[in-house]
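Contents: one structure, followed by commentary.
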There are 2 protein chains.
Amino acid sequence: MDFLTEIIGTDTKAIHKKFKKKEIIQKQGVVSKNAFYVKKGLIRSYSIDEKGKEHIFMFGAEDWIIADLESNVFNKPTELCIETIEDSEIVIFTIDDFNYAESSKEKLQKNSKLLARRIGSLQRRVIQLMSSSAKERYQIFLETYPLLPNRVPQKMIASYLGITPEALSKIRGES
Amino acid sequence: MDFLTEIIGTDTKAIHKKFKKKEIIQKQGVVSKNAFYVKKGLIRSYSIDEKGKEHIFMFGAEDWIIADLESNVFNKPTELCIETIEDSEIVIFTIDDFNYAESSKEKLQKNSKLLARRIGSLQRRVIQLMSSSAKERYQIFLETYPLLPNRVPQKMIASYLGITPEALSKIRGES
DNA sequence: TGCATTTCTTAATCTAGATTAATGGAGATG
DNA sequence: CATCTCCATTAATCTAGATTAAGAAATGCA
């Protein structure tokens, strides 16, 4: 049984869909019950601030699930826009599949673990943003996601780190 | 039925305990299965970086639950130190009570919702840290937690915002 | 109550990273 | 193939917020 089946089971209405590079999978501002499992390819979620600037919240490569969970669970409009970086195969399923169907207790507990892990990684990211310099954050990024830098353009890495492409270029030049 | 009972049920080994101001409830670096429900008072969780600087991760006033969830679920040493700001009454319970006991499916789903909400607030915090100035973050903090500023010393608010007390003092002077 | 310690504020300097601008590639598109 | 647009880099300036320092206010403690 693969990872996806393990999570959402088999008897769901999940949709498999192919996207080209730079296609928007989900716009921000809509109320969405969708979650996106990356079967193949690479996607990103990002928010756009009042000044029109993009801030990448996270990347999703193979086997990752990307979703604006709060929007899902509490019917809030999404704050995140989701878009492909490479040609990708995405499995779109609803949060009901993930959590509120006739899931077994075992599955619910497994899902809770996934949520706890995500909370952990967000917690580390917040602490990192508060306590580390751009250079340190870049190095942590390289260690944490060693395969991404080859697939993601510099300017998106900069956006993920919360700095400008110029600043990242400088940092890279130094080391 | 109060909020706590609703979450952890009644038949648990939860411990009620009183703490004085500035007492450490949990040290960082230990593997802990504990979560802390604030019945009365005010606590904070924070990490200490290599330079010995404290960074407040979150505050917990009445009815909040504070825990290093990833440590709980995955047996990692905690990254967070938890300490009282005021004299407090804390209910200490284990993550097993929260999630892995003979919980009903209903309860597990409710817990998932709590986790999703926490993910949402962390997500907003990350985006905020990347896209807003210190002044904007302070204003958002005031709007989001209107009651805290009266109870929390300035330097801790600064630490939560990721700036120095001097910078916060300047911001406050301006507006 | 009085002294000591911590907290808050103000001001002077310093610096990481933003902004602006200009250049040379690299892909896309006709 | 030539042109166009986007991307990465470098350099010059600018600025938010850090650091340092010192005084004032608040708080704790004997």
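Proteins get letters first, then strands, A, B, ... in listed order; numbering begins at 1 in each. Just the heavy atoms: all of them, side chains too, but no hydrogens, waters or symmetry mates, feed the values below.
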Do the rings of A/Y145 and A/F141 sit parallel, tilted or perpendicular, given the 30° and 60° boundaries? tilted
Starting at CG of A/D49 and ending at P of C/dA18, how long is that distance when rounded to a whole Å? 13 Å
Rounded off to whole Å, could you give me the CG-to-P distance for the B/L168 and D/dT19 pair? 15 Å
Distance in angstrom units between A/I171 CD1 and D/dA11 C1', rounded: 16 Å
Would you verify whether the NZ or CZ of B/R172 falls within 45 degrees of the ring axis of B/Y138 while also being under 6.0 Å from that six-membered ring's centre? no
With a 4.0 Å limit, can you tell me whether A/T164 has a side-chain N or O closer than that to the phosphate oxygens OP1/OP2 of C/dA18? yes
Measure CD/B/E174 against P/C/dA11 and give the value in whole Å, please. 12 Å
Ring of A/Y160, cation from A/R44 - is the NZ or CZ under 6.0 Å from the centre and inside 45° of the axis? no
Out of C/dA11, C/dT19, D/dG17, whichever nucleotide has its closest atom nearest the side chain of B/E166: C/dA11
Could you work out which one of D/dT19, D/dA18, C/dA18 sits closest to the side chain of B/K53? D/dT19
Indicate the atoms forming the closest heavy-atom contact of B/N34 with B/N72, along with that distance. N-OD1, 3.3 Å
Could you tell me how far apart B/R172 (CZ) and C/dT7 (P) are, to the nearest whole angstrom? 15 Å
Give a yes/no answer on whether the side chain of B/K170 brings an N or O atom under 4.0 Å of OP1 or OP2 in C/dA12. no
Let me know which of B/R117, B/Q123, B/R124 forms a side-chain hydrogen bond (donor to acceptor under 3.5 Å, both in side chains) with A/E70. B/R124
Considering only D/dG17, D/dT10, C/dT10, which nucleotide approaches the side chain of B/A167 most closely? D/dG17
Encode nucleotides 25-30 of chain C as B, S and - characters from 5' to 3', where the letter depends on protein heavy atoms closer than 4.0 Å: B to the base, S only to sugar-phosphate, - to neither. ------
Identified side-chain hydrogen bond (donor to acceptor under 3.5 Å, both in side chains) partner of A/Y46 from the options A/K53, A/H55, A/E83: A/E83
Return yes if some donor-acceptor pair links the side-chain N/O of B/S112 with the main-chain N/O of A/S112 below 3.5 Å, else return no. no
Rounding to 10 degrees, work out the angle separating the end axes of the helix from C/dT1-D/dA30 to C/dT23-D/dA8 (five pairs an end). 40°
Pick one: which of A/I90, A/V91, A/I65 meets side chain to side chain contact (heavy atoms under 4.5 Å, CB included) with A/F36? A/I90
Taking the minimum atom-to-atom distance to the side chain of A/K22, which one of C/dG17, D/dG17, D/dC7 wins? D/dC7
Listed nucleotide nearest any side-chain atom of B/P153, set C/dC8, D/dA8, C/dT19: C/dC8
Whole-Å distance, B/K135 NZ to D/dG17 C1', equals 13 Å
Rounded to whole angstrom units, what separation is found between the NZ atom of A/K51 and the C1' atom of C/dT19? 13 Å
Of B/E62, B/H16, B/K18, which is the lone residue that meets side chain to side chain contact (heavy atoms under 4.5 Å, CB included) with B/K39? B/H16
Could you tell me how far apart B/M156 (CE) and D/dT27 (P) are, to the nearest whole angstrom? 14 Å
Backbone of B/D87 reached by a side-chain donor or acceptor of B/K21 within 3.5 Å: no
Among the nucleotides D/dG17, C/dT9, D/dC7, whichever has the atom closest to the side chain of A/K155 is D/dC7
